[in-house]
Amino acid sequence: MADTKQAQKLRAYTRILQTIVIIGFLVMFGRIFHLQILDYETYSPMSMQNSLRMEIVNPARGLILDRKGTIIVENQPIYSITITPARFNMESLPKLAEFLRMEEEVVLERIREAQSYSWHRTSRLFTEVPFEVFSTIQENIWQLPGIGHQIESKRHYPTELRASHLLGYLREASLEEYQSSDRIRLGDKIGKSGIERIYEEYLRGDVGTEYIRVNAYGQALGTYDDGSLNIEPIKGSDLITTIDAEVQQLAEKLMENKRGGLVAIDPQTGGILALVSSPQYDLTKLAGRMDASYWRDLNTSPDRPLFNRAVSNRQPPGSTFKPFMGLVGLHMDLITPQTQIYNPGYYFRGRRYGDLADPGNYNLERAISRSSNTYFFWMMDQIATLGHLNTWSRLIKDFGMGPLNNIDLPSERSGIIPDSTYMNRTFGERRWAIGDLMSLGVGQGMVSVSPLQMAVAVSSIANGGYRIQPHIVSAVREPHGEIRYTNPVLERIEWIREDHLDVVKKGMEGALVEGGARFYGNIPDIQVAGKTGTAQNPHGENHGWFIAYAPADDPQIAIAVLTENSGFGSISATPIASLVMEQYLTGEINRQHVYDYVLNFQPRIRTLEVVESD
């Protein structure tokens, strides 16, 4: 009896145990089914991380081309080391530093920057490492979990032109920049100046991803699933510029060892043909891994090479202002083309204002070609006496002097064309008088402009009275080949009359025959129209100016050149502009003596009393 009960209990326990085992298996198989089938989308990527590595594939940055299709900026491969902080073991720091051939403190600082950026996102640890270091990391990647590598690119400049202020440079994005953008990762290089900065969103492109099978040591075994999960990067768009590479290269050469700015422009379209700010800097030393010592020198140099003198400098235009004064005077009925003003060698309004032009009678055409100050002092006297300063200021600004011209470059600076509001703010309410305005008539005093503004202004004379939109990029070529044109605006200056323009043009043509520009401004077989100027500089030697366009009867190029502390514009700025125009119009330089003169130019000292009649 007892044995029977014992056997029954054993069978009951056995059934219970069997039931538990069966239930356990059912739960296990149910969980497996749930994980493998129902939750596949959730857990498959997580399991893949144990056998796959996702690597970022950087896109090629867009190319930059000149107006003829010559590539002036391209890409060159460089090697980068990456890190995913969450997967990196800090015990591997000494070994990583050894492979990188760097101090541990330097590597640790970069790791902490990556951690502050994101623990789980891959970011660059070091860029442009030597190939030997890259190979060492690649061979020992199994010892460095969380460390990766990738081939990227840096900017390369295949031509001899520098164009530093025009093209601009790339630098690593700041913490604020990549925190404010979902397209920027730690270590990304972005445009910091020039058109590289303005067109960053076009040039940048979109990153891709690649899934790679790895073993337990992190070594790559090949692409996963024939690349079915990969996303191809989209290269950046190419920029087609209006720059003429040969003209730009010559302009840079002519501006060497000088301080100043040069802007050559197509007066019909506003396309920039050449733009130089001197001194320049070497873009190759800022491409890829930046030369820290060179960067420090650039920022501390008294010559301020990072300052764009072509678009940001402000200087009095001197006598180059006179053609525009003439057009304003004609429009305001202060003068006619026949109006004659006698020049005794000075103009008197409370005091004497000097005039170096020969004594005699001057009409507008002769006053421009011979650069008579008296004519324009008299005109400014009338404007001030009649209370027309604001009208004068508004009309001058229509030429592009004063307000921003919105060129596609950063750091453009407005000029100063005074009106009553400006005078009140500067001197105090009603604390200024006619004597404070007289020098404005000859481009001195408070008037100040940039070379860009003078290039835009002289273009309005060359093209028959239109305000152009200066621009460097004419089109953007998308990765798939579609070309989108920038379509800059061209605006008629309604108050300018053709017969008034004819008088001013003849005066500017005469400046190349009997004025200061005749020595170095003429181009064989091509008629040039221009105007020289020398601006007073109370802090040192005077500044030289020259504005011009050519051919005079069918203008294809307009130019403004400013050379700082160079004295007479007729012998400093004029030959530079003349050679640049010759190169553009003929494709070569045939005046070797002028070229040699410019390269070996030495400023001549000039006194303040004679600057206003260049």
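For the pair Glu365/Pro337, no side-chain contact is recorded, criterion being any heavy-atom separation below 4.5 Å from C-beta on. You'll find the side chain of Lys531 stays beyond 4.5 Å of the side chain of Val458, heavy atoms only. Considering only heavy atoms from C-beta on, Thr586 comes within 4.5 Å of Ile526 through its side chain. Using a 4.5 Å cut-off on side-chain heavy atoms (C-beta onward), Tyr584 and Leu250 make no contact. Side-chain contact between Val449 and Arg314 is absent, with no heavy atoms from C-beta onward closer than 4.5 Å. Side-chain contact check for Trp432 versus Thr426: every heavy-atom pair is 4.5 Å or farther apart. When side chains are defined from C-beta on, Ile72 counts as touching Leu161, because their heavy atoms get closer than 4.5 Å. Taking the side chain as every heavy atom from C-beta outward, Asn363 and Gln338 never approach each other to under 4.5 Å.
Nearest heavy-atom pair, Ala535 versus Gly318, reported as atom, atom and distance to 0.1 Å: CB-N, 4.5 Å. In terms of heavy atoms, Met255 sits closest to Ile576 at SD-CD1, 3.8 Å. Contact record, Val473 with Asp408: N-OD2, 3.0 Å, taken as the closest heavy-atom pair. In terms of heavy-atom proximity, Ala274 sits nearest to Ala251 at CB-CB, 4.4 Å. Between Arg477 and Ile240 the shortest heavy-atom distance is CB-CD1, 4.5 Å. Among all heavy-atom pairs drawn from Ser572 and Phe601, the shortest one is CB-CZ, 3.6 Å.
Between the OG atom in Ser164 and the OH atom in Tyr157 there is a gap of 9.5 Å [rounded to 0.5 Å]. With rounding to the nearest 0.5 Å, the separation of CZ in Phe321 from CE in Met401 is 5.0 Å. With rounding to the nearest 0.5 Å, the separation of CD1 in Ile71 from CG in Leu65 is 5.5 Å. Distance check: Leu579 CG to Tyr595 OH gives 9.0 Å after rounding to the nearest 0.5 Å. Residue Gln382 holds its CD atom at 13.0 Å from CG of Asp333, rounded to the nearest 0.5 Å. Residue Gln444 holds its CD atom at 10.5 Å from CD of Gln315, rounded to the nearest 0.5 Å.
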Worked verdict on Arg259 versus Phe307 for side-chain contact (heavy atoms from CB on, under 4.5 Å)
CA-CA 11 Å; Arg259 280 193 310 204; Phe307 179 62; over 6 Å; no

For the pair Ser278 and Arg309, evaluate side-chain contact (heavy atoms from CB on, under 4.5 Å) and give the outcome as yes or no after the intermediate values.
CA-CA 7 Å; Ser278 184; Arg309 288 172 164 83; over 6 Å; no

Hey, mind stepping through Arg591 and Ser578 against side-chain hydrogen bond (donor to acceptor under 3.5 Å, both in side chains) and telling me if it holds?
CA-CA 10 Å; Arg591 295 174 294 157; Ser578 177; 2.6 Å; yes

Could you walk me through whether Ile417 and Trp392 pass the side-chain contact (heavy atoms from CB on, under 4.5 Å) check?
CA-CA 9 Å; Ile417 304 296; Trp392 169 86; 3.9 Å; yes

Take Asp381 and Thr385 through the test side-chain hydrogen bond (donor to acceptor under 3.5 Å, both in side chains) and record every step on the way to the result.
CA-CA 6 Å; Asp381 193 352; Thr385 301; 3.1 Å; yes

Check the pair Tyr353 / Thr374 against side-chain contact (heavy atoms from CB on, under 4.5 Å), numbers first and verdict last.
CA-CA 8 Å; Tyr353 294 85; Thr374 298; over 6 Å; no

The test is side-chain hydrogen bond (donor to acceptor under 3.5 Å, both in side chains); show your working for Lys322 and Ser372 and say whether it passes.
CA-CA 9 Å; Lys322 291 174 180 176; Ser372 170; over 6 Å; no

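Of the possible polar contacts, one joining the Trp545 side chain to the Pro316 backbone as a donor-acceptor pair under 3.5 Å is found. Not a single donor-acceptor pair under 3.5 Å links the side chain of Arg394 to the backbone N or O of Thr391. Panel note: side chain Ser450, backbone Ser312; no donor-acceptor pair is recorded below 3.5 Å. Not a single donor-acceptor pair under 3.5 Å links the side chain of His471 to the backbone N or O of Ile407. The closest donor-acceptor contact from the side chain of Glu564 to the backbone of Lys258 lies at 3.5 Å or more, if one exists at all. Checked by atom type and distance alone, the side chain of Asn424 pairs as donor or acceptor with a backbone atom of Ser420 at under 3.5 Å. For Ser301 (side chain) and Asp303 (main-chain N/O), a donor-acceptor pair under 3.5 Å exists by modelled atom type. Of the possible polar contacts, none joining the Arg197 side chain to the Gly191 backbone as a donor-acceptor pair under 3.5 Å is found. Judged purely by atom type and a 3.5 angstrom limit, Asp355 uses its side chain to pair as donor or acceptor with the backbone of Ala357. In terms of modelled atom types and a separation under 3.5 Å, the side chain of Arg467 and the main chain of Ser460 share no donor-acceptor contact.
Put simply, the residue from Asp238, Ile195, Ile472, Leu166 that forms a side-chain contact (heavy atoms from CB on, under 4.5 Å) with Ile64 is Ile195.
Ion pair Asp66/Lys68 not flagged as a salt bridge, since none of the NZ, NE, NH1 or NH2 atoms sits closer than 4.0 Å to an Asp/Glu carboxylate oxygen. Taking the charged nitrogens against the carboxylate oxygens, Glu256 and Lys253 do have a contact shorter than 4.0 Å, which makes a salt bridge.
In this structure, Arg366 is positioned above the aromatic face of Tyr362, its NZ or CZ under 6.0 Å from the six-membered ring centre and within 45° of the axis.
Within 6.0 Å of CG on Asp525 lie no more than 12 heavy atoms contributed by other residues, nucleotides or ligands. Counted within 6.0 Å of CD on Glu588, heavy atoms from surrounding residues, nucleotides or ligands total more than 12; the atom is thus considered enclosed.
Aromatic ring centres of His165 and Tyr281: separated by under 6.0 Å.
Inspection of the Glu160 and Gln249 side chains reveals an N or O donor paired with an N or O acceptor under 3.5 Å. Under 3.5 Å, the side chains of Lys506 and Ser369 contain no donor-acceptor pair of N or O atoms. When only modelled atom types and interatomic distance are considered, Gln583 and Asp244 share no side-chain donor-acceptor pair under 3.5 Å.
Sorted by first and then second residue, the ring-ring contact (aromatic ring centres under 6.0 Å, His included) pairs involving residues 483-527 (not counting sequence neighbours) are His331-Trp495, Phe399-Trp495, Tyr520-Tyr597.
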